[in-house]
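For reference, the structure discussed in these notes is given below.
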Protein chains: 2
Amino acid sequence: MKAVEKRAVYLKVRDQLADKIHSGIWLANDKLPAERQLSEQFDITRVTVRQALVQLEAEGLIFRANRRGWFVAPKRIDYDPSRDIGFVRYVEDQGFHARTETLSKQLVEAPQWLSQLTGLAEGTPVYEILRRRYINDRPCLVEKIFVNPKHCAGLLSHSLNQSLWELLRQHYQLEPAERYIEMYPQTLDAAIAQQLNVNTGCASLYMRRICHDQQGEFLELDEEFWLHNALKVVVSVKPPKP
Amino acid sequence: MKAVEKRAVYLKVRDQLADKIHSGIWLANDKLPAERQLSEQFDITRVTVRQALVQLEAEGLIFRANRRGWFVAPKRIDYDPSRDIGFVRYVEDQGFHARTETLSKQLVEAPQWLSQLTGLAEGTPVYEILRRRYINDRPCLVEKIFVNPKHCAGLLSHSLNQSLWELLRQHYQLEPAERYIEMYPQTLDAAIAQQLNVNTGCASLYMRRICHDQQGEFLELDEEFWLHNALKVVVSVKPPKP
DNA sequence: AAGTGGTCTAGACCACGTG
DNA sequence: ACGTGGTCTAGACCACTTT
């Protein structure tokens with residue numbers, strides 16, 4: 001066992017910056033000093049500064065907005081993918097401001113992978129909705145939704161900047177039964193990264209939700225691409241009775 | 001709109017390496033060429049090579065073993081945190097080899113944060129178990145478990161290299177009722193990184209599970225530190241009847 | 001001892017965002 | 001126009017693992 005742990009320069013810098021955040025000297029959404037400024041301050045190269053910053057980013061303590069700078073990350077929001085009370089309300093219950101923006105909506109033919117997952121016949125028309133969601137005016141996720149139009153004709157004529165499930169419930173009396181959820185850490189491809197105003201290859205949490213109704217018919221599939229440091233997933237489950 | 005998307009050198013290198021993996025030229029657990037060798041091959045600096053490698057690591061396509069090299073990552077395993085059929089069996093059902101190793105087990109006083117989460121009186125004795133789990137001989141997670149000894153006296157005298165829940169069920173007739181699960185992307189601290197033979201600050205998925213029995217009494221809390229590219233979380237939930 | 005990744009220096013130019 | 005991060009070069013030394 002070593003008496004003294006050797007800690008790389010970039011980790012020491014990380015520690016000092018982390019301190020400023022934890023001690024409240026820098027608050028959520030504050031801009032950090034420029035990289036060049038930090039490199040002078042600590043008398044190290046910009047490369048090393050960036051190593052420290054990237055580390056803090058991976059931890060979720062800071063985030064960057066493409067070419068605008070580094071900022072102190074706000075607290076993660078709790079997110080329960082098994083609930084459907086509406087994103088905006090859910091987030092605002094936690095004291096944040098939330099907003100949804102519809103990027104596109106159209107009727108498309110179900111792609112092959114979707115058919116395989118849901119049992120829909122290939123080529124069946126489905127609604128495809130693309131939305132971007134903000135927390136405190138920071139774009140935090142993009143979601144792509146496929147809805148089975150069978151029981152909700154005319155869905156796209158409604159505003160989709162609100163809770164989709166509230167809409168499905170109130171206008172179409174649809175109710176989700178079982179949800180199959182999948183998620184794993186990933187990175188953002190160029191297209192989605194751009195929509196979130198971050199770098200290609202940025203760390204993310206990918207989440208997919210497939211939802212059927214009580215009769216076992218496919219209702220909705222939802223793919224969410226989250227900034228990895230924006231959320232904490234919480235879910236409460238009871239084991240199936242054997 | 002640009003006709004041609006400009007792609008950085010390191011992303012082009014990433015693409016070429018990713019191709020070798022996707023096309024099956026390199027197989028799971030194969031070692032990649034040394035960084036210096038790659039930098040010669042592509043006629044770029046080692047820095048740029050590393051940028052490509054780090055990118056692939058973030059995507060989960062490759063992993064590194066501290067100072068030993070870069071390797072093609074095997075497929076993620078599916079992991080359902082709501083089930084308790086036993087890690088080893090669960091993983092082997094998917095065609096992998098799994099192994100569990102107990103790093104330590106002891107009776108400790110419940111730390112404050114544990115009491116706050118579970119409602120246990122502070123200082124109550126609880127079993128603390130530290131385990132490391134392997135998939136195909138690659139250490140993939142470390143878990144720290146706290147068990148309420150109230151209904152399972154003598155637990156630590158058993159071998160803990162097996163399914164804990166099988167043990168609790170068979171020897172103590174304990175059955176989990178509701179589970180509260182939390183998870184989010186994080187990084188590994190120095191201690192855990194070392195136990196997984198990876199670098200400090202390595203990307204991970206943190207998962208915490210709190211489990212009570214039918215009477216609402218605290219049974220077990222489990223903290224898992226996963227290599228971020230080792231798993232895909234899958235969970236199936238039914239919404240509570242309102 | 002040799003080879004590997006891990007860290008770090010001291011620069012440079014570019015692309016984009018903001019005033 | 002200027003400041004910012006994004007990318008890249010061409011080296012160097014260190015710490016650890018493997019042979």
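Proteins get letters first, then strands, A, B, ... in listed order; numbering begins at 1 in each.
Donor-acceptor pairing under 3.5 Å is recorded for the side chains of A:T102 and A:N161. A donor-acceptor contact closer than 3.5 angstrom is absent between the side chains of A:Q41 and A:Q37. Defined by atom type and a distance below 3.5 Å, a donor-acceptor pair is missing between the side-chain atoms of A:Q51 and A:Q55. Side-chain contact of B:W70 with B:E57: a donor-acceptor pair under 3.5 Å is absent, judged by distance alone.
Using a cutoff of 4.0 Å between basic side-chain nitrogens and carboxylate oxygens, B:K144 and B:E223 are not scored as salt-bridged.
In this structure, CG of B:N197 is placed 14 Å from C1' of C:dG6, rounded to the nearest angstrom. Rounded to whole angstrom, the span from the CG atom of B:D43 across to the P atom of D:dG11 amounts to 12 Å. One interatomic measurement links the two molecules: CZ of A:R68 to P of D:dG6, which rounds to 12 Å at whole-angstrom precision. When rounded to the nearest whole Å, the span between CZ of B:R7 and P of D:dT7 equals 11 Å. Rounding to whole angstrom units, OH of residue A:Y10 and C1' of C:dG5 are separated by 12 Å. With rounding to whole Å, B:E40 atom CD is found 14 Å from C:dG3 atom C1'. When the C1' atom of D:dC14 is taken as reference, atom CG of B:N199 falls 14 Å away, rounded to whole Å. Atom-to-atom, CG of A:L38 to C1' of D:dG5 comes out at 12 Å; the value is rounded to the nearest Å.
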After noting the C-alpha distance and the side-chain angles of B:F87 and B:R131, does the key distance pass the side chain to side chain contact (heavy atoms under 4.5 Å, CB included) rule? CA-CA 12 Å; B:F87 177 80; B:R131 304 197 293 188; over 6 Å; no
Test side chain to side chain contact (heavy atoms under 4.5 Å, CB included) on A:I21 and A:D30 and set out the steps. CA-CA 10 Å; A:I21 294 169; A:D30 280 1; over 6 Å; no
Is there a side chain to side chain contact (heavy atoms under 4.5 Å, CB included) between A:V233 and B:I181? Walk through the geometry before answering. CA-CA 8 Å; A:V233 175; B:I181 302 171; over 6 Å; no
For A:R7 and A:R14: C-alpha separation, side-chain torsions, deciding distance, then whether side chain to side chain contact (heavy atoms under 4.5 Å, CB included) applies. CA-CA 11 Å; A:R7 204 155 167 81; A:R14 182 225 87 97; 4.1 Å; yes
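Contact annotation: A:N66 side-chain N/O to C:dC16 OP1/OP2 distance is not under 4.0 Å. For B:T45, no side-chain nitrogen or oxygen approaches OP1 or OP2 of D:dG11 to under 4.0 Å. Put simply, B:R64 has no side-chain N or O that comes within less than 4.0 Å of OP1 or OP2 on C:dG5.
Picking from C:dG5, D:dT7, D:dG5 the nucleotide with the shortest atom distance to the side chain of B:Q51 gives D:dT7. Out of D:dG5, C:dG17, C:dA10, the shortest distance to the side chain of A:V47 is found at C:dA10.
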So which protein N/O to nucleotides 12-14 of chain C N/O distances come out below 3.5 Å?
none

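Helix bend of the helix from C:dA1-D:dT18 to C:dT18-D:dA1: the angle between its two end axes, each built from five pairs, comes to 10° after rounding to 10°.
Between B:A8 and A:Q37, the residue whose closest nucleotide on DNA chain D is further toward the 5' end is A:Q37.
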